[in-house]
Every structure is written in structure tokens, then in C-alpha cells.
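Heads up: the structure comes next, in C-alpha cells.
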Amino acid sequence: MGSQDALSVVHQDPWLLVVDKPAGLLTQPGLGPDQADSLITRLNQEDPGLSLVHRLDRDTSGLLLVARSPEVVRVVSGMFASRRVSKLYVADVQGVPPGRGGRVDLPLARLQRCPPRYGFHPAGRPSRTRWRPMKKALIVNNPHQRLWLQPLTGRSHQLRAHLAALGTPIVGDPIYALDPSTVPSARMHLHATALSLLHPFTGKRLRCRSAVPF
């Protein structure tokens, strides 16, 4: 299980893996030989039967569900579609969002193809995100505002685009920063830190956590 160990498997059973994806690694291969390396490619070197259930952006780190068979993909994908999988993210943002928390309800559409950029469009897909700030005691020495984020829908770039729409883009975001030309080479500060679902094959609650790496 060399590739899986290198990717830090947080949970495994006869149906599912939960893998802690590092920032900078594609979830699946992109176009061209320079984008051939990916999380699922590495896992398939050890087990060709593994399939993705959902995805994280290349620059986002954290917990990712992987299925062991097409039947598991079908069942768990249905759970995602019916919002029965809970995901929690942590992000550092530039500036301070208005208020003590709330919900962003902003339809999103792709506004730019290369690099892909998403933003508000009245004909876009409904997109909803809950957010609230962490207690200050938890972010000592952090010069930015740290937020808990809960996506209520699963659109491409949703958290990144919603925070940018609030005027508080994620630190290190190479696309949505206030001035992308000033983004340092360090990673984007967005991490999928917790994942929870009622396991569809055991009936038990599956809860996984991953420490914030920034």
C-alpha cells in the first residue's frame, strides 16, 4: 500500500477510503503529460478498482472520499447529491468578512476558461456556503482572519468564489486574490478539515478529521 501510505489514509474499510490530499496535487489527471500525476493515479497504481466520489481543487488540501467499486460510487454519489455528507473547511482570508458569520447564497457560473474562474451570474447554478470566524484564541499569531466554512452545495471553486465575492479572498489564492500578481509562491490557505456521513454499508457514523497544515 505504498502510494496510499504516502498520501496518508485516514480511514479504510471494505467499501471506502478517506485520504488526506496534500496541496499542489491534482485530484485526477488534467490535460497533457505535465498534468498526468494525480491522487487517483497514484492510488490506482496500488488498486486499479478505486474511483473518486468527489474532488478537491489542486491547491486545496484535506479529506477526500474514494470508493472501492462502481456500486459504492453510485451510492455515495447519491448521498452527496442529497446533501447527506457533511464537509467542514478551514480558510485564512484577506480582510474581515462582515458580521459574525452567515450564509453566502450566490449563484455561480464559469466566467473565464483558462485559468478557470467562477463568479456571480444570475443564470448560474445555486450555490450556498455557511461561514463563521474561529475564536481568536485559536488563531494566535495568524495575521489573517481564520474561518470555518461549510459548503451546502458542491460547485466548482465555490468556497473560493464566495469568499472573493465577500471581498475577503483566501490567502494565497492564485486566481481570486485581490491582486493575483502579488500572491506568493506559498500554498493557498484552504483545507478540508472534517468529513462526516452515515456509512451506507455499516449504518455507523463515519467521522474523519485532518489537522490544518498552515
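Treat the numbers as computed from the prediction; the structure is a model and nothing was measured.
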Side-chain H-bond candidate by donor/acceptor type, [X] with [Y], under 3.5 Å:
X: His189; Y: Asp92; value: yes
X: Thr168; Y: Gln145; value: no
X: Arg55; Y: Ser156; value: no

Clusters formed by hydrophobic residues whose side-chain heavy atoms approach within less than 4.5 Å: which one holds [X], and what are its other members?
X: Leu26; result: none
X: Val73; result: none
X: Leu152; result: none

query = Hey, any chance Met79 and Val18 share a hydrophobic cluster, counting ILVMFWY side chains that come within less than 4.5 Å of each other, even indirectly?
reply = yes
Would you be so kind as to tabulate the donor-acceptor pairs closer than 3.5 Å made by side chains of residues 101-115, with sequence neighbours excluded?
| from | atom 1 | to | atom 2 | distance (Å) |
| --- | --- | --- | --- | --- |
| Arg103 | NH2 | Asp105 | OD2 | 3.2 |
| Gln112 | NE2 | Pro115 | O | 2.9 |

ask   = Which residues pass the side chain to side chain donor-acceptor pair (under 3.5 Å) test with Arg84, sequence neighbours left out?
value = Ser82
Residues Asp13, Arg68; criterion salt bridge (charged side-chain N to carboxylate O under 4.0 Å, His left out); working and verdict = CA-CA 9 Å; Asp13 60 39; Arg68 292 191 183 275; 5.2 Å; no
note = Quick note, salt bridge (Lys or Arg N to Asp or Glu O under 4.0 Å) partners involving residues 164-174, not counting sequence neighbours, are Arg160-Asp173
key: Within residues 188-200 or reaching into it, pairs that qualify as salt bridge (Lys or Arg N to Asp or Glu O under 4.0 Å) - sequence neighbours excluded   = none
inquiry  = Less than 4.5 Å apart, side chain to side chain, heavy atoms only: is that true for Leu147 and Val93?
reply    = yes
note = Contacts of Tyr118 meeting ring pair (Phe, Tyr, Trp, His ring centres under 6.0 Å) (sequence neighbours excluded), chain-then-number -> His157
request  = Just jot down the ring pair (Phe, Tyr, Trp, His ring centres under 6.0 Å) partners of Phe120, sequence neighbours excluded, or say none.
outcome  = none
In a table with atom names and distances, give each donor-acceptor pair under 3.5 Å that connects a side chain of residues 204-214 to protein atoms at least two apart or in another chain.
| from | atom 1 | to | atom 2 | distance (Å) |
| --- | --- | --- | --- | --- |
| Arg205 | NH1 | Ser196 | OG | 3.2 |
| Ser210 | OG | Asp20 | OD1 | 3.3 |
| Ser210 | OG | Asp20 | OD2 | 2.7 |
| Ser210 | OG | His191 | NE2 | 2.9 |

ring-ring contact (aromatic ring centres under 6.0 Å, His included) pairs, two or more places apart, involving residues 51-92 = His54-Phe80
inquiry  = With ring-ring contact (aromatic ring centres under 6.0 Å, His included) as the rule and sequence neighbours excluded, what pairs involving residues 13-40 come up?
reply    = Trp15-His199, Trp15-Phe201
